[in-house]
Each structure stands twice: as C-alpha cells, then as structure tokens.
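Inspection log for the structure reproduced underneath, given as structure tokens.
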Amino acid sequence: MNRLSVVFVALATALAIGGCGTGDAGDAGDDQSVSPPPVPSPKLAVSVPPMPKQVNRGRQDVSFDPCVGIDDSLIVRSGFDPATRERDDLIFDDYSFIGCEFNHKEDIRGQKLPVRSISIWSTNITLHEFRQREGENLRDLTVDGRPSIQYTKSSACYIAIQSLDGVLNLSVSTSAPFTEERPCDRIVEIAQTIAPALPD
C-alpha cells in the first residue's frame with residue numbers, strides 16, 4: 001500500500017469513528033423523556049385561606065374549591081371584580097358548602113358601593129336533593145351541557161348545576177336602591193360563563 005492509500009484509509013477510519021460517536025450521542029438524546037408542560041394554576045388577583053376542615057357524616061368531602069378553582073378571567077367575564085374574592089364556606093355535620101363571594105361596585109354619589117354580588121359554592125348535596133328541597137319553586141335548564149335548576153329564595157336568584165361533588169350552586173343578588181338589574185336577569189349567562197371551570 002502506497003503512502004496516499006494509507007492516508008485515505010486513516011481518514012476514512014477517523015470519519016467512521018467520528019460518525020459513530022455522533023450517532024451514539026444522538027441516540028442517547030432520543031432516549032431522554034420529555035416531561036409534559038405543567039398545567040397552569042388559575043390566576044387569582046388575591047389569595048384566600050385554604051378550605052376549612054369538613055365533617056360530612058355519610059357523604060364524601062367536597063373536592064372542588066371555587067375560591068381557588070375559578071380563574072379571575074371568568075369572574076371578570078361574569079361581571080364581578082376578582083379583587084373582591086372572599087371565602088364563604090358553610091360547614092355542617094352532614095354536608096358542606098365550599099365557596100367564595102364576589103362583588104361588583106359602582107360609583108354611587110361619590111362612593112364605591114356594591115350593586116351586584118355572587119356567591120359560588122361547591123356542595124355535596126345532590127341535584128335530586130335540591131329538587132326535593134325547592135319543590136315547585138324551580139325550573140329545569142341545561143348549563144354547559146349539565147343538568148341544572150334555577151330557583152329563587154328571598155331576594156336572591158340561584159342556579160344549581162350538577163357536578164362531581166354534587167352541585168355547583170350560584171347565588172346572585174342585586175342592590176335595588178342602586179341598580180335596576182334584578183337578580184335573575186343575567187344569572188343564566190353568568191352560570192354558562194362559570195360552569196366550564198368545573199372538573200369533568
């Protein structure tokens with residue numbers, strides 16, 4: 001073998017070794033698993049305390065917490081101020097209402113006063129139990145594809161939406177001296193906006 005042939009053989013061997021090294025590095029990279037991006041948490045303007053301890057004799061605990069599970073953007077689209085987010089829980093021995101309250105304030109004679117309020121509770125009372133409790137004082141409807149009922153009590157309007165916990169219960173009230181809006185005027189639209197936050 002002449003000198004030129006030796007050079008070609010050495011060069012070919014070096015390229016082959018280099019190619020194998022590059023291929024191995026690529027294979028090792030292909031074997032590395034890529035973690036999926038984390039699911040973003042709802043964006044909240046204000047923080048709230050964690051949900052309280054539940055008793056729930058004979059019922060499962062409420063798992064969905066509207067006070068941290070409903071994004072500020074849904075509250076704004078519903079016509080309320082997310083900065084007014086405030087915990088509103090009702091804990092009983094046999095069932096629980098885990099929830100939150102929001103207000104919408106307007107300038108009334110130089111003062112910022114609430115003209116509209118909403119309470120949103122997740123409860124382990126079933127839709128069937130709500131039907132029995134409210135009797136004829138209700139109407140059936142569907143909210144975001146979920147069986148629901150609308151009913152009134154005192155000066156507030158309610159919608160109960162079937163959920164994994166039992167029901168997502170919305171209560172809207174308005175301040176008659178400061179607005180012509182009535183509690184039931186927009187409640188279906190509000191419920192349709194809030195319901196997609198519910199876990200499937």
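Here, residue 1 is the first one in the sequence, and each next residue gets the next number.
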Just to verify, what does [X] make a salt bridge (Lys or Arg N to Asp or Glu O under 4.0 Å) with, not counting sequence neighbours?
X: R109; answer: none
X: E86; answer: none
X: D89; answer: R87

Scan for salt bridge (charged side-chain N to carboxylate O under 4.0 Å, His left out) pairs involving residues 91-107, sequence neighbours excluded, and state none if there are none.
-> R57-D93, R57-D94
Here the salt bridge (charged side-chain N to carboxylate O under 4.0 Å, His left out) pairs for residues 147-170, sequence neighbours left out, are E134-K153
Nearest 0.5 Å please: distance from the [atom1] atom of [X] over to the [atom2] atom of [Y].
X: W121; Y: F97; atom1: CH2; atom2: CZ; value: 7.0 Å
X: T84; Y: N103; atom1: OG1; atom2: CG; value: 4.5 Å
X: F102; Y: I120; atom1: CZ; atom2: CD1; value: 5.0 Å
X: Q150; Y: C157; atom1: CD; atom2: SG; value: 4.0 Å
X: L90; Y: S119; atom1: CG; atom2: OG; value: 8.5 Å

Report yes or no: do F80 and I187 belong to one cluster of Ile/Leu/Val/Met/Phe/Trp/Tyr joined by side chain heavy-atom distances under 4.5 Å?
-> yes
Close side-chain approach of P82 and L44, heavy atoms under 4.5 Å | no
With sequence neighbours left out, write down each residue that passes ring pair (Phe, Tyr, Trp, His ring centres under 6.0 Å) with F64, or none if nothing qualifies.
-> none
Contacts of Y158 that satisfy ring pair (Phe, Tyr, Trp, His ring centres under 6.0 Å) - sequence neighbours left out | Y151
Under the side-chain hydrogen bond (donor to acceptor under 3.5 Å, both in side chains) test, residues paired with D81 that sit two or more places apart | none
Identify, with sequence neighbours excluded, every residue that meets side-chain hydrogen bond (donor to acceptor under 3.5 Å, both in side chains) alongside Q162.
-> none
Got a donor-acceptor contact below 3.5 angstrom from the [X] side chain to the [Y] backbone?
X: D65; Y: C67; value: yes
X: N137; Y: T152; value: yes
X: Q54; Y: V62; value: yes
X: S171; Y: I118; value: no
X: S73; Y: D71; value: no

Listing, residues 125-132 side-chain donor-acceptor contacts under 3.5 Å, not counting sequence neighbours, or none:
residue	atom	partner	partner atom	Å
T126	OG1	E129	N	3.1
T126	OG1	E129	OE1	3.2
H128	NE2	Q132	NE2	3.3
E129	OE1	R59	NH1	3.0
E129	OE1	T126	N	2.8
E129	OE2	R59	NH2	2.8
R131	NH1	D140	OD1	2.4
R131	NH2	D140	OD1	2.9

Does anything in residues 191-200 pair up under side chain to side chain donor-acceptor pair (under 3.5 Å), and if so which pairs, sequence neighbours excluded?
-> none
Without placing hydrogens or testing angles, list every side-chain donor-acceptor pair under 3.5 Å for residues 178-185, not counting sequence neighbours.
residue	atom	partner	partner atom	Å
T179	OG1	E181	N	3.1
E181	OE1	R116	NE	3.2
E181	OE1	R116	NH2	3.1
E181	OE2	R116	NE	3.3
R182	NE	D185	OD1	3.3
R182	NH2	D185	OD1	3.4
D185	OD2	R182	N	2.9

Begin from the C-alpha positions of T123 and N169 and carry the test side-chain hydrogen bond (donor to acceptor under 3.5 Å, both in side chains) through to its verdict.
-> CA-CA 7 Å; T123 178; N169 198 34; over 6 Å; no
